[in-house]
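Below, each value reflects all heavy atoms present in this structure, side chains not excepted, and no hydrogens, waters or symmetry copies.
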Amino acid sequence: MAHWIVVEEREETLRPIARFEGTREEARRRLYEAACTHRFAGGLKQQRREVYRVDDDTYFVEIKGGLGTHRLRYCLAEHVWSTDDQ
């Protein structure tokens, strides 16, 4: 079974928000759920969220809040190599 992470990209900052094992289909389902529901900021008063699929492994999200609009990208990454693998 593959190892995956869901990565949140915001203002040139990458942050892993979920790590798990599963099939590609399970990973894509978890990515979609994260794009639709992940709270990237604790005090954000979300008024509207729009989710756009860029490709099967990437979503662009616009979140409109009381103080402005936030734009994020959620990507799926598969673990392919590590120094621990040697």
Side-chain angles (χ1 to χ4, degrees):
M1 208 169 287
H3 297 275
W4 303 91
I5 62 172
V6 173
V7 178
E8 172 195 89
E9 182 179 355
R10 181 174 171 240
E11 297 175 3
E12 300 181 17
T13 301
L14 298 175
R15 182 172 68 124
I17 60 168
R19 295 177 184 268
F20 54 92
E21 290 184 20
T23 64
R24 180 170 295 278
E25 293 76 26
E26 292 168 335
R28 286 179 173 163
R29 185 172 52 250
R30 291 194 56 176
L31 170 65
Y32 175 73
E33 291 170 2
C36 292
T37 64
H38 180 254
R39 292 183 57 101
F40 74 95
L44 178 69
K45 303 263 188 210
Q46 177 178 301
Q47 296 174 345
R48 182 178 180 156
R49 177 182 291 240
E50 295 180 328
V51 178
Y52 301 88
R53 181 178 26 222
V54 176
D55 58 40
D56 288 340
D57 295 337
T58 309
Y59 288 90
F60 173 75
V61 178
E62 280 192 332
I63 300 171
K64 296 178 181 132
L67 299 176
T69 300
H70 303 275
R71 292 172 183 88
L72 305 100
R73 184 170 23 195
Y74 290 90
C75 304
L76 187 61
E78 180 180 7
H79 181 261
V80 295
W81 185 84
S82 170
T83 56
D84 291 341
D85 295 341
Q86 296 178 356

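Rounded to the nearest 0.5 Å, atoms OH (Tyr32) and CG (Asp56) are 13.5 Å apart. Taking CG from Leu76 and CZ from Arg28, the interatomic distance works out to 7.5 Å, rounded to the nearest 0.5 Å. Here CG of Leu31 is found 7.5 Å from SG of Cys75. Values are rounded to the nearest 0.5 Å. Within the model, atoms CD1 of Ile63 and CD of Gln47 stand 12.0 Å from one another, a figure rounded to the nearest 0.5 Å. Here the CZ atom belonging to Arg19 is positioned 12.5 Å from the CZ atom belonging to Arg30, to the nearest 0.5 angstrom. Atom NZ of residue Lys64 and atom CZ of residue Arg48 lie 5.5 Å apart, to the nearest 0.5 angstrom.
In this structure, the side chain of Arg49 engages the main chain of Ala35 through a donor-acceptor pair within 3.5 Å.
The heavy-atom pair separating Ala27 from Trp4 by the smallest distance is CB-CD2, 3.5 Å. Considering all non-hydrogen atoms of both residues, Ala34 and Ile17 come closest at CB-CD1, 4.0 Å.
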Worked check of side-chain contact (heavy atoms from CB on, under 4.5 Å) between Thr58 and Arg73: CA-CA 7 Å; Thr58 309; Arg73 184 170 23 195; 3.4 Å; yes
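Follow the hydrophobic side-chain contacts under 4.5 Å out from Phe60 and you never reach Leu72; the two are in separate clusters. Following chains of ILVMFWY side-chain contacts shorter than 4.5 Å, one cannot reach Val61 starting from Tyr52, and the two form parts of different hydrophobic clusters.
Salt bridge absent: Arg10 and Glu8 never bring a charged side-chain N and a carboxylate O closer than 4.0 Å.
Aromatic ring pairs are classed by plane angle as parallel below 30°, tilted from 30° to 60° and perpendicular above 60°; the pair Tyr74 and His38 is perpendicular.
Heavy-atom contacts from other residues, nucleotides or ligands closer than 6.0 Å to CZ of Arg24 number more than 12.
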